[in-house]
Amino acid sequence: ATVFGGGAEAARELELMEEYLLLADVGPVATAKILAAAAENRRTVGLLPAVRNELLRLLSFNVRDDKKVKIFAGVNGTGKTTTVGKLAHFFRQQGKNVFVIGADTFRAAADQQLEEWCRRTNTPVFAGKPGSDPASVVFDGLHSNLARTADYVLCDTAGRLHVNKNLMQELAKLVRVAGKACPDQIDVFLTLDAGTGQNALAQVDMFSQWVQPTGLVLTKLDGTAKGGIAVALAQKFSIPIRYVGLGEGPDDLVPFSPEAYVDALLP
Amino acid sequence: GLSQRLQEILGKLRGRGRLSQADVQAAMREIKLALLEADVNYKVVKDFVAGLQEKCLGAEILTSLTPGQQVIKIVRDELTALLGGAASALAEADRGGAVYMLVGLQGAGKTTTAVKLAKRLQAKGKKPLVVSLDTHRPAAREQLAIVAEAAGIACHRPQGEEPLALARQAVDFFAQSDYDVLFLDTAGRMHLDDALMEELEAVKALVKPTEILLVLDAMTGQDAVNVAEGFSRRGLADSIVLTKLDSDTRGGAALSVRAVTGKPIKFVGVGEKSAQLEVFHPERMASQILG
Ligand SMILES: Nc1nc2c(ncn2[C@@H]2O[C@H](COP(=O)(O)OP(=O)(O)OP(=O)(O)O)[C@@H](O)[C@H]2O)c(=O)[nH]1
Ligand SMILES: Nc1nc2c(ncn2[C@@H]2O[C@H](COP(=O)(O)OP(=O)(O)OP(=O)(O)O)[C@@H](O)[C@H]2O)c(=O)[nH]1
Ligand SMILES: [Mg+2]
Ligand SMILES: [Mg+2]
């Protein structure tokens, strides 16, 4: 009966699916749009497959380039430093030359945290002195020989709230300086905690007003949070999700797979 | 925001008598949407709106208010009542020094909050000491030492790599000292991780804390109830600290956590500096959630 779209059973099925998506942090706006889109195909394939198809459609990003310099930015505590450490390891395992720049000159022991990660993963690192200007650290780092000869340069930055104008200006300047040093070679990746709610939309919106994010990293997807905010983000912005964090160890980072993500998200 | 939406659907006539059934249903739909957008947990929203519906159906609209204003007032009062009603001071120790543990997910703000709380107590004449039990995160103990020093707070650094051994040394040192408050910073962990949750239970059994504070990021979404319940049902959350409320997050996690665990939200973090900790104000939180 549900396949033919009518009746109480179909309504109940829809209601359960709506609840499921809402509990996963897809949010009311994106959930409504997805269910509306799925309604079209529901009669032929059933509700769950229709929703699955719509999610896969939304999350299949067209990743055009893989830039040499990757700057990691995002709100405090979302996993930037750890992601830099893991990604350095990931690329090193592929036999790539990696250089890390620590441009978080604000947070206590940020340099030590990053240096420890790079020691464990055998990655050369230039951590800026606490208190120094982050853009200058990036400038110096990118003009070094290690940066020139690297396949990838990963740059950590200090956590910042998207509503803090001074810190957003600082980030914009840092990205500009990087762009001057390495024209057309810059990726800006925003880290987002998978447990974040609808505020992630404001975060991506505001970061996009100051810099041009070219990728998202969804961290801490190893918890009970489903990271459904990624769906809402895909609905509203077209920034590809590039990597997913699945834990605190060096191997706990994987390239984003729409199928894996959707399979884990849906019942 | 919600106020405006309610004004639009319920009309602008003041003192219109009682809210009609249709009015209330329309209002409940808007409120449900607003609360979901604010990250209040879906199940908490359903219960809250059901209770609210009762209150609104019986309500007499005050002559000075429009129906929309009347509904907003009821919602705000209900939210405030749910969020508040608890003392926001830290629990006092029965005798001897007080020991507080900070626990929570990775990156929530525990280390920063430990020093903030210590600074707050120092200003009230206490002699606080902070100790990190985090042997997992690279440079975690250095981080606490640096933040504590910058804030003028004493930080003890026992030797070793086992959290339980560090905890034992911390309480022994504390007992022998003339510090009167001890804050124990712990490593971030998922409530899903049984081994790490048991580790925390072992620390609790050893140090017998006066209070365990669950530190939670205010931008947490639907998962906030799972986190809070995960810690609370193991006796690992006596009260809550919400961090990063200096962001524009609506903070619906506050309502979810309070509704599901009943634990009081005592403090909120409003910045990265050690002075940026405030006492939790339920009415302010209610306004923030309603947007
Ligand atoms: N479980 C889990 N923990 C993670 C993951 N990524 C990062 N973490 C943890 O989250 C905490 C914060 O990570 P950081 O890398 O310091 O975050 P950050 O964005 O650099 O933080 P700030 O520099 O303070 O803004 C650490 O305890 C990490 O180990 C992940 O994918 N899963
Ligand atoms: N803006 C803002 N940032 C905060 C607040 N509280 C903490 N932070 C920042 O959030 C990040 C994480 O804080 P930590 O204290 O390292 O968090 P943690 O819970 O100890 O992290 P782990 O030990 O890795 O689990 C840091 O960049 C802090 O400066 C707050 O109230 N507002
Ligand atoms: Mg960092
Ligand atoms: Mg910490």
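Each chain gets a letter, A, B and so on, in the order its sequence line appears, and its residues count up from 1.
Taking A:L201, A:L23, A:V163 one by one and counting their heavy-atom pairs under 4.5 Å with chain B, the maximum is reached by A:L23. Your options are A:Q113, A:K220, A:E116, and the one with the most heavy-atom pairs under 4.5 Å with chain B is A:Q113. Most heavy-atom pairs under 4.5 Å with chain A, from the set B:K46, B:K32, B:M190: that is B:M190. Put simply, of A:D193, A:L161, A:T219, A:D222, the one with the most heavy-atom pairs under 4.5 Å next to chain B is A:L161. When the candidates A:A108, A:G79, A:A194, A:A24 are compared by the number of heavy-atom contacts under 4.5 Å with chain B, A:A108 comes out ahead. The candidate from A:A109, A:P130, A:G159, A:A202 with the greatest count of non-hydrogen atom pairs under 4.5 Å with chain B is A:A109. Across B:A139, B:G107, B:P138, the residue that shares the most heavy-atom pairs under 4.5 angstrom with chain A is B:P138.
Interface residue A:T78: only side-chain heavy atoms are found under 4.5 Å from chain B. Heavy atoms closer than 4.5 Å to chain B are found in both the backbone and the side chain of A:A225. There is no contact between A:N164 and chain B, counting heavy-atom distances below 4.5 Å. With a threshold of 4.5 angstrom between heavy atoms, B:L36 approaches chain A through its backbone and through its side chain. B:D246 touches chain A through backbone and side chain together, each having a heavy atom under 4.5 Å away. For A:E248, the part sitting under 4.5 Å from any heavy atom of chain B is the side chain, from C-beta outward, and nothing else.
Residues B:G252 and B:V40 share a closest heavy-atom pair of CA-CG2, 3.6 Å. Of all heavy-atom pairs between B:L166 and B:Q159, the closest is CD2-O, 3.4 Å.
For A:Q209, the CD atom counts as densely surrounded, since its 6.0 Å shell holds more than 12 non-hydrogen atoms of other residues, nucleotides or ligands.
For the pair B:T186 (side chain) and B:L102 (backbone), a donor-acceptor distance under 3.5 Å is present. With hydrogens and angles ignored, the 3.5 Å screen pairs no side-chain donor or acceptor of A:D25 with any backbone N or O of A:I229. Under the 3.5 Å distance criterion, the side-chain polar atoms of B:S256 are matched with a main-chain donor or acceptor of B:N41.
Residues A:H162 and B:D248 have side chains that bring a donor and an acceptor to within less than 3.5 angstrom of each other. Side-chain contact annotation: A:N76 with B:E272, donor-acceptor N/O pair under 3.5 Å present.
A side chain to side chain contact (heavy atoms under 4.5 Å, CB included) with A:M17 holds for exactly one of A:I34, A:L48, A:T31, A:L22; it is A:L48.
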